[in-house]
Structures are given as structure tokens and as C-alpha cells.
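All figures in this text were calculated on a predicted structure; none of them were measured in a lab.
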Amino acid sequence: MDRRDFLKAAGAGAMVMAAPGSLLAALSGLTAEEVERRVAEVVPKLTLSEKIDLMAGKISRTLLGAFGVGDGGHGYTGQTVGNARLGIPRVLCTDGPRGVGFMYTATCFPVGMCRGAAWDPELEARVGSVMGYEERAIGGNMLLAPCINVLWHPRWGRAQETYGEDPYHLGAMGAGFVNGVQEHVMACAKHYAVNNVEDSRMFVNAVVDERTLREIFLPHFKKCVDAKVASVMSAYNDVNGDLCSDSMHLMRDILKGEWEFDGFVVSDWENAVEDTVGAAKAGLDLEMPRAKFYGRKLKAAVESGQVPESVIDEAASRMCRQLFRFVGPDFAAGYDKKRMACPEHAAVALESARKGIVLLKNENSALPLVRGEVKTVAVLGEVAKEKNIGDHGSSIVRPPYIVSALEGLTDRAGSVRIIYESGKNLAAAKAAAGKADAVVVVAGYTYKEEGEGRDRASLALPDAQQSLILAAAEANQRCVVVLESGSAIAMDPWIGKVPAVVMAWYPGMEGGHAIADVVFGDVNPSGKLPIVFPRSEDQLAKFDNGSKEVKYGRYHGYRYMEKHGAEPLFPFGFGLSYTTYQYANLKLDKKSAGRSGKVVARVDVTNTGKMAGEEVVELYAGCPGSKVDRAKKELKGFARVALAPGETKTVAIELSVPELAYYNVDAGAWEVEEAEYIISLGPSSCEDDLLKERLKVTGA
Ligand code: BGC
């Protein structure tokens, strides 16, 4: 369907949203105490077989397709049978991180990486709320998202699904999303843990020391647990010799033990479970999508005494607890399938694309292309015509329409004449660029080169695209490169030849419009990189996606580059705007704080340019005198602030002192050192841009 027809057909109407901050238990109509009472009543009444039935998915031909919407919906990604006798609902779930998967007419949001670049957990909660609404509207009760794996390396095929490389940022974004989704349905934080490659994900053993595990790979999962996420998905890979689905340490010691997670752990689909007894004992509550190692095998293991029945009781209780919390009678009543990808939902997708697009370079005010001043724009590149919304793996979403970059630029051109050349004929592309007032080359990747099960081969653009950029830049000085991809692109061969670069990621169904809004200056860009962009791959920690065993060191991304003195192409947290901001008067509300205390950092940010804008203010902390080896600095807070031209606002960011802790392996505990910390605030992680203050931590 054409976009306009769809919008007409969908009509207008208010988005149904639960009251913000509504109690989880209120979703099913029960209080938390009532939920626990019901769990305690029901579980003892279940037979062993019935309990075991709750612990595995069932692929059912009748269910498949029965709930699909639009032409040829594909049903749910997974479902369980529940228990009709005792009124236990079934789990009905779909992927995934950029919208409701496997269904037609769902809103396709920008990928997680683009939303991560918005640095806006409040917006992310609204994104989650729309996805949760749509999941519930199709009768589902669980969304297999967020993906919060650390981007260890930009060649990771699923880079696009996660929010970035930094645990603090991942935790804030993931928790925001969970809050939004869980206004309507259960969310699932995935993939737990150390899941950073695709090519070898089914067999790799990720070797990681305890401190790195705790500090780099897990804190964001903990934040989602604190946000009361209903479920956590175990990853396909091994960690330190244990398959994630068999890992006592990850599931029993940490997740369910230390963090007191009261939800359920679901396996990462086919082939994530390999051992009935191992998985059950380690605390894997739900095998999906069907009982390969659970079901009959699990019953036999209980009957032979290999798995204590208490393990089954616990898993059944966890399943019931979340289902009773979330799923009440007439679950989807009031939720309207016609509202899938309706204009209000698409508007949230557009907003998040606009806020996630990052302006990386803008010399000589090459951008924006102001209508009137610019009369003809040549748009070049095959990617401009791609409906480029990201991977076709489990995160696939099928929206009713997708606005490509070329369509977006054409829709929003107004008085500007757009001419298009694919670039296959370089001479024709060059000629078009030569006769236009400005040229926009749209380059990057598609689902063909990166995605689930496939890591990207290189950080560089394909040769033909590099040649196109160079040819366009030679023909026209006002040459803007718009990039689409799931993560970093190395630009050294051509970056010096073009005045402007815009990183658009995979910007979702409304992405073309968001790109045009930035290019024509209708939107002032405000996204910041949630990952570092290196000049070349050799600046990063090595990416090994082929070996059976990969050792992860303590450093990756910006932490690694700072440690090794490598100058990034664009630093973590970096992004330009059409206006300029000045930072001044950094003050901490106290010079010293206790180990469990709080400090408020305040900084004056002034919009010194002529355009209204939004600025992301970042807070980093370092402990130069630490008794242990530490990153020079780490992100520990951020805030988004809107500023009119000439306006100054004092931005306050609260730093919780326990965030400064390192994991003391000998003590088996987090330790906040009594030491002096450097607290830096500014527009990016670039040292030159940061204002600094000292904080002494002493006492309790
Ligand atoms: C992916 C998960 C996804 C699941 C169900 C797995 O292969 O890793 O992210 O949720 O499939 O589609």
C-alpha cells in the first residue's frame, strides 16, 4: 500500500497508553500480593506434567497464522500452552527490538543503535510503549526485546539491534524501553550474556574474567532487572566454558541470586539448550520455541531423581508470577489492531529517527540545504532508493510503508528540484552532481551485508560507493554524505574530501523523512554517537568471529582507544548541531561524598547560535589514583536539554556514587574506592571538550 493511502485508511485517533508509572500488577488487575497468593495457590495444584508443560514452547499449526493481521500475518514467534484447567495464560510472544516482528502493519522504528544515538530514555519509553501496545493489539503478551548486548566491535552483525557500546548508556536506554513496553506486555532483556559475534555465536566460548564480566557485560542487565523486566533471554554462546543456558553462575548466582530477579529465563530459541539436567538445574525456566530438551526428557530427569522437583516448582512459579502479573481476563480488550502503525505510532518512529540521526561533519555550513538558496540537489547512490530498515533476521518488521532516503528528500523538497542517479554509471552521476547546487550521496550497508547470523566483513564502505563519493566530491564542493548502517563506518579514504557527513543508521519506516528533515534544516540534528567511530579497525580491540574460544579483555570501544592513545575518527558521544553550545561553570554540589552518597553536577549550557536545538550533556568519571587498572574515564550520566537561541540552562546530572565502584573479585563485591575522582561534563567524550571537577569519596 502506498503511504498516503495507508495514512488515509488508518485515520486519526488517540494512542492508548497506560498511565505512566502504572503498577505492573495493575496490568492484570491483581496487586503484587494477590499475584503471589495466586502463584502459591495454583502451583501446588499442578501435576508434574502440567508444570513441565509451562516450561517449553509449543509450535502449533492452528495458532500460527490465526492471529496474523493484514495480508498473510505469520503468527507469533513463540507460544506456550498455559493451563486452561487452572487459568494460567499461555505465553504469546513476538520479536523484537525495532517493532512487533513477523506481523504485517506493525510500526517499524529505527534500529536500536539509532535510538541509542538519541540518548533519550524518556523517548525510548514511548517507543517501547507503542511496541507494547501493538504486541497486545495482536493478542501477544510478550515482546522479545530489548537487545542490550554490549557492542564489542562494530563488525558485529547484530550491532544495529543494541543501543551502543557503553554499559551505563545501555542500562539507561534498556530500562527506559522496558518501562514503556511493560505498560502493556512483558519485555525480555536479551541476550544474556557476552553475546558479541554472529558467525560463531552457536559455538563460541567467550572467555572473560569476573571483573570484566561484572563491569562491562552485565550492569545493563541489572538495570533492566531493577526496572522489573519480566524475562531475560539466555544467549547461544558459552561463557567461561558453560553454555549460557546451563550457566549456574550467570543464572543462579548472579541473576536470580544477587540481583533477586523474580521473572523467568527463556532460551534463545533453537539450539540454545543442549542439556536437560544442566539447563534445568542452572535455572533456565522456559525452553523455546519447543521442548527439545525439556518436555518428556525433563519429566524423565525428574522421575529419575536427576532434577529435583523443587527446580520445576520454582520455574513454574516464575512463569505463573509473570503471567498473573501481566495477563488478566480479556487481555486485548480495548486494544485495536487497526492502530498498528497508525499515524500516531509512526510519528513516534519519526521522532526517534530525527533524534537519533547524528551530524558528524559540517564544514563551511554545507548543511542545511536551505530551500530557495539551494535550487537543485543531485541525490546519488543505490542506497538512496533502498527501503533500508535493517536486518531480515529475527528482528524483521513489516511496516505498511517505508520511506527511502530518496522518497523522503523528494517528499520534503518543496521548491528544490531533485535529480537522481544511482551511481552505476559514474560519469552520469558526476555530471548530475556537477550541474546541481548541492549533492547528497546516500551510502552504507543493507541487510545483505550485516545482520543476524552474519557479521560485517569490513568497516569500510564498498569500493564502488567510495568511488561514487570521491567522484561526487570532485564534481561539487557542496557534497553531503548520508550514511546508513547498523554501526561504525571507516571513512578515512574520503572523509577529507567532503564537507558534510550525516549518520542515519537504519532509521525505520519514516527514516527518509527524518533524513530530509535534517538535510533541509527543518530539524536541528541532536543525535550523538553511542559508539566510537575509529579511523580503521586496527585502532580497536581485535574482532574474532571465527575461533571456538575468544578471550575478551577489559577494554573495548572508547575505553580501549583512550587506553592506547588512539585518536578516533569521531569520539564516543560525539555529534554536531546546526547551532553551537557553550559549556561553563561546572560545579558539584559537594566536594566530597560518602561511598553510598549522591552528588549533583551542574553545568551552564548556552545555545550560542541562531537555531533552537537539543543538546545531550554527558558526564564521565575517572579515578586516576585507583589501586586497580581502570579505564581513563567512563560514562556515568547524561541528560538531553532543549535550548532556544541565546538561552542558557543549568543542567543538573545526578551521580550516584556507587556507580563509581569497581568489582573487587577477591571480595566478591562491588567496591567504591575512597579516592579522588575526576568528574567531567561536556558534549562528548573528547577530552578537549570536557569541563572537569574533583570529587573526593570518603566514608560510608
Ligand atoms: C534470536 C533472538 C530472537 C529469537 C526468536 C533467536 O535466534 O537470537 O534474538 O528473539 O531467535 O526469534
Side-chain angles (χ1 to χ4, degrees), residues 2-3 98 108-111 113-114 117 160 346 349-362 366-369 371 374 376-391 397 399 401-414 416-424 429 432-433 436-450 461-462 464-466 468-469 472-473 476 478-486 489 491 494 498 500-523 525 527:
D2 166 66
R3 179 175 176 274
R98 68 172 192 265
C108 182
F109 287 89
V111 293
M113 190 60 80
C114 180
Q160 61 187 274
L350 175 63
E351 181 184 348
S352 79
R354 284 171 167 169
K355 290 189 173 159
I357 290 176
V358 186
L359 178 64
L360 291 174
K361 180 174 181 182
N362 195 19
L367 281 172
L369 305 181
R371 295 177 194 92
V374 171
T376 308
V377 173
V379 178
L380 308 182
E382 289 178 274
V383 179
K385 272 195 158 175
E386 284 280 341
K387 305 279 186 187
N388 214 9
I389 53 174
D391 188 24
V397 173
Y401 65 87
I402 300 164
V403 184
S404 70
L406 180 60
E407 286 165 339
L409 288 162
T410 309
D411 276 2
R412 304 280 214 244
V416 176
R417 198 173 137 243
I418 302 282
I419 45 178
Y420 172 73
E421 279 294 334
S422 71
K424 275 195 203 143
D437 298 320
V439 49
V440 176
V441 185
V442 185
Y445 287 94
T446 70
Y447 71 92
K448 291 174 209 137
E449 296 91 23
E450 57 182 0
L461 286 177
Q465 294 191 14
Q466 299 201 33
L468 179 63
I469 294 171
N476 192 320
R478 199 163 183 181
C479 178
V480 176
V481 177
V482 173
L483 294 169
E484 296 183 350
S485 78
I489 288 177
M491 306 177 200
W494 50 265
V498 299
V501 181
V502 173
M503 185 70 210
W505 318 100
Y506 296 119
M509 64 189 277
E510 282 285 346
H513 285 149
I515 289 170
D517 291 338
V518 166
V519 165
F520 291 123
D522 300 323
V523 163

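Nearest heavy atoms, Gly444 versus Ile489: CA-CD1, 4.4 Å. When all heavy atoms of Gly381 and Tyr420 are compared, the closest pair comes out as O-OH, 2.9 Å. Taking each heavy atom of Val498 and Ala473 in turn, the nearest pair found is CG1-CB, 3.9 Å. The two residues Asn476 and Ala433 have their closest heavy-atom pair at ND2-O, 2.9 Å. For the pair Trp494 and Leu483, the tightest heavy-atom approach, listed with the atom from each and the gap, is CH2-CD1, 4.1 Å.
Between Asp522 and Arg371 there is a salt bridge, with a side-chain nitrogen of the basic residue lying less than 4.0 Å from a carboxylate oxygen of the acidic one. Using a cut-off of 4.0 Å between Lys/Arg side-chain N and Asp/Glu carboxylate O, Arg412 and Asp517 are scored as salt-bridged.
Atom CE of residue Met503 and atom CD1 of residue Ile515 lie 10.0 Å apart, to the nearest 0.5 angstrom. The distance from atom CD of Gln160 to atom CG of Asp391, rounded to the nearest 0.5 Å, is 5.0 Å.
With 3.5 Å as the limit, one finds no donor-acceptor pair spanning the side chains of Glu407 and Tyr401.
Between the side chain of Asn388 and the backbone N or O of Val383, no donor-acceptor pair lies under 3.5 Å.
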**Prompt:** Leu359 and Val518: side chain to side chain contact (heavy atoms under 4.5 Å, CB included), yes or no, with the steps?
**Reply:** CA-CA 9 Å; Leu359 178 64; Val518 166; 5.6 Å; no
**Request:** Tell me, with the steps shown, if Lys385 and Ser422 meet side chain to side chain contact (heavy atoms under 4.5 Å, CB included).
**Result:** CA-CA 8 Å; Lys385 272 195 158 175; Ser422 71; over 6 Å; no
**Request:** Start with the C-alpha gap between Val440 and Val377, add the side-chain angles, then the distance that decides, and say whether side chain to side chain contact (heavy atoms under 4.5 Å, CB included) holds.
**Result:** CA-CA 7 Å; Val440 176; Val377 173; 3.8 Å; yes
